[in-house]
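Down below is the structure, laid out as structure tokens.
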Amino acid sequence: MNIPQGRPANCPPGLEYLTTVDQLMVKQKVELLEALIGWETNNKFTVKNAQGQKVFLAVEINDCCTRNCCGPLRPFEMKVLDNYKNEVIHFERPLACDSCWFPCCLQSLNVFSPPGALIGSIEQEWSLLTPIFVIKNGAGDIVLRIEGPICRYSMCGGDVDFKILSRDGQTEVGRISKQWSGLLREAFTDADYFGISFPGDLDVRMKAVMLGACFLIDAMFYEKAGNRESDGIGML
């Protein structure tokens with residue numbers, strides 16, 4: 001995807017790619033070691049637009065010990081690179097718990113663009129049955145919400161939808177969908193497919209935060225530990 005001409009006001013460098021899109025497709029690269037022996041490697045993702053054009057490459061930054069000892073709960077940083085290998089977005093996920101039994105230390109992810117400049121965050125809210133997140137801007141104001149399903153199993157062949165809701169939670173404005181990627185891929189790897197849809201006129205910085213929400217959801221619910229499924233029911 002070519003860089004759109006001109007940069008709108010308040011658009012960080014590199015996010016021009018997101019000004020004209022209302023959908024993104026996220027595809028995780030299959031890692032041979034993970035597929036064969038369950039050895040965790042740094043995740044890599046390709047982000048494309050609805051026309052199949054490559055928009056970004058996302059690369060996890062982590063060490064071997066943290067990946068293989070902490071599993072899906074591991075903290076990480078992630079670089080998002082444009083087609084010229086420039087880092088345009090940076091994600092940071094601190095170490096935390098995702099169980100409803102520990103509401104004082106729930107999941108979050110901070111989004112920076114350019115790196116070092118906070119533009120938003122995703123924060124998990126306490127819930128017993130469904131995954132719930134609030135999407136905040138750089139000032140800490142709630143802009144959107146995300147609510148997932150009670151059952152997050154994807155092995156039945158259908159997509160699993162996490163609804164993007166308005167700030168008051170009353171109106172659905174988009175979705176983050178975990179898409180079925182085939183029996184062998186689902187069974188033996190944690191390489192996932194996601195689709196993200198949001199309003200085309202959404203602030204470009206919030207579009208970048210939505211991308212971060214996709215990566216947090218993937219890490220929390222679809223990142224295997226030793227090739228064992230972590231999909232589940234409820235938040236127990």
Side-chain angles (χ1 to χ4, degrees), residues 12 15 18 24 26 43 45 47 58 60-62 66 70-80 89-150 152 160-178 192 194 196-199 202-223 230-232 234-236:
L15 297 194
L18 299 179
L24 291 172
V26 179
N43 290 327
F45 302 85
V47 182
E60 180 184 355
I61 306 169
N62 215 322
T66 301
C70 297
L73 288 177
R74 65 182 182 263
F76 63 75
E77 295 186 24
M78 185 176 289
K79 290 183 178 181
V80 179
I89 309 172
H90 192 92
F91 299 127
E92 291 184 0
R93 179 200 188 190
L95 180 64
C97 180
D98 64 353
S99 170
C100 66
W101 301 117
F102 300 97
C104 60
C105 189
L106 296 176
Q107 291 290 315
S108 64
L109 186 140
N110 294 319
V111 183
F112 303 86
S113 183
L118 180 69
I119 61 169
S121 62
I122 306 99
E123 298 180 8
Q124 182 187 7
E125 288 193 333
W126 184 88
S127 173
L128 189 63
L129 295 176
T130 61
I132 299 175
F133 303 88
V134 292
I135 306 300
K136 296 183 178 181
N137 59 22
D141 302 318
I142 296 177
V143 178
L144 296 168
R145 296 179 180 273
I146 295 176
E147 182 174 342
I150 294 178
R152 298 178 301 279
V160 181
D161 293 327
F162 290 74
K163 298 178 181 179
I164 302 174
L165 306 173
S166 57
R167 182 172 56 183
D168 60 9
Q170 299 300 309
T171 305
E172 182 178 340
V173 298
R175 292 190 178 192
I176 297 175
S177 299
K178 166 67 168 64
D192 298 316
F194 283 89
I196 311 171
S197 62
F198 38 66
L202 183 67
D203 187 312
V204 69
R205 293 167 293 185
M206 291 299 101
K207 293 182 181 181
V209 176
M210 287 293 103
L211 181 60
C214 176
F215 291 132
L216 181 59
I217 288 170
D218 177 52
M220 289 178 62
F221 303 118
Y222 300 105
E223 182 74 11
S230 58
D231 313 29
M235 297 302 294
L236 296 176

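Side-chain atoms are counted along with the backbone in the values below, which use heavy atoms only and exclude waters and symmetry mates.
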Under the side chain to side chain contact (heavy atoms under 4.5 Å, CB included) rule, what do Glu60 and Arg93 come out as? Steps first, then yes or no, please.
CA-CA 11 Å; Glu60 180 184 355; Arg93 179 200 188 190; over 6 Å; no

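- Side-chain atoms of Phe194 and Leu24, non-hydrogen and from C-beta on, never get closer than 4.5 Å to each other.
- Just one residue in the list Val209, Leu165, Val173, Val134 forms a side chain to side chain contact (heavy atoms under 4.5 Å, CB included) with Leu144, and that residue is Val173.
- Between atom CD1 of residue Ile119 and atom CG of residue Asn110 there is a gap of 10.5 Å, rounded to the nearest 0.5 Å.
- Heavy-atom minimum distance, Leu15 versus Ala208: CD1-CB, 4.1 Å.
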Would you sort out whether His90 and Lys79 count as a side chain to side chain contact (heavy atoms under 4.5 Å, CB included), showing the intermediate values?
CA-CA 5 Å; His90 192 92; Lys79 290 183 178 181; 4.1 Å; yes

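- Here the rule is side chain to side chain contact (heavy atoms under 4.5 Å, CB included) with Val111, and of Leu118, Val80, Ile122 only Ile122 fits it.
- Atoms CG and CE, on Leu18 and Met206 in that order, are 11.5 Å from each other to the nearest 0.5 Å.
- Partners of Asn137 according to the side chain to side chain donor-acceptor pair (under 3.5 Å) rule, which considers only residues two or more places apart in sequence or in another chain, do not exist here.
- Here the closest heavy-atom approach between residue Gln124 and residue Phe133 is recorded as CA-CD2, 3.6 Å.
- Between the CD1 atom of Ile135 and the OG atom of Ser121 there is a distance of 7.5 Å, given to the nearest 0.5 Å.
- Scanning both residues, Pro199 and Lys207, for their nearest heavy atoms gives O-CE, 3.7 Å.
- Using modelled atom types, no side-chain atom of Glu223 and backbone atom of Asp218 make a donor-acceptor pair closer than 3.5 Å.
- The CG atom of Leu216 sits 8.0 Å away from the CZ atom of Phe221 when rounded to the nearest 0.5 Å.
- Relative to the six-membered ring of Tyr222, Lys178 meets both conditions, a distance below 6.0 Å and an angle of at most 45° to the axis.
- A distance of 4.5 Å separates CE in Met210 from CD1 in Ile146, rounded to the nearest 0.5 Å.
- Defined by atom type and a distance below 3.5 Å, a donor-acceptor pair is missing between the side-chain atoms of Gln170 and Asp168.
- Listed here is the closest heavy atom pair of Pro75 and Asn62: O-ND2, 2.7 Å.
- By the 4.5 Å heavy-atom criterion applied to side chains, Phe162 and Pro149 are counted as neighbours.
- The heavy-atom pair separating Glu92 from Pro94 by the smallest distance is O-CD, 3.7 Å.
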Kindly determine whether Phe76 and Asn43 satisfy side chain to side chain contact (heavy atoms under 4.5 Å, CB included), including the steps that lead there.
CA-CA 10 Å; Phe76 63 75; Asn43 290 327; over 6 Å; no

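- A donor-acceptor pair under 3.5 Å is absent between the side-chain atoms of Arg145 and the main chain of Ile132, judged by distance alone.
- The backbone N or O of Thr171 sits less than 3.5 Å from a side-chain atom of Ser166, completing a donor-acceptor pair.
- If you take CZ on Phe45 and CE on Met78, they are separated by 5.0 Å, rounding to the nearest 0.5 Å.
- Across all their heavy atoms, Ser197 and Ile164 have their closest contact at O-CD1, 3.5 Å.
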Checking side chain to side chain contact (heavy atoms under 4.5 Å, CB included) for the pair Leu211/Phe91: CA distance, chi angles, key distance, verdict?
CA-CA 10 Å; Leu211 181 60; Phe91 299 127; 4.3 Å; yes

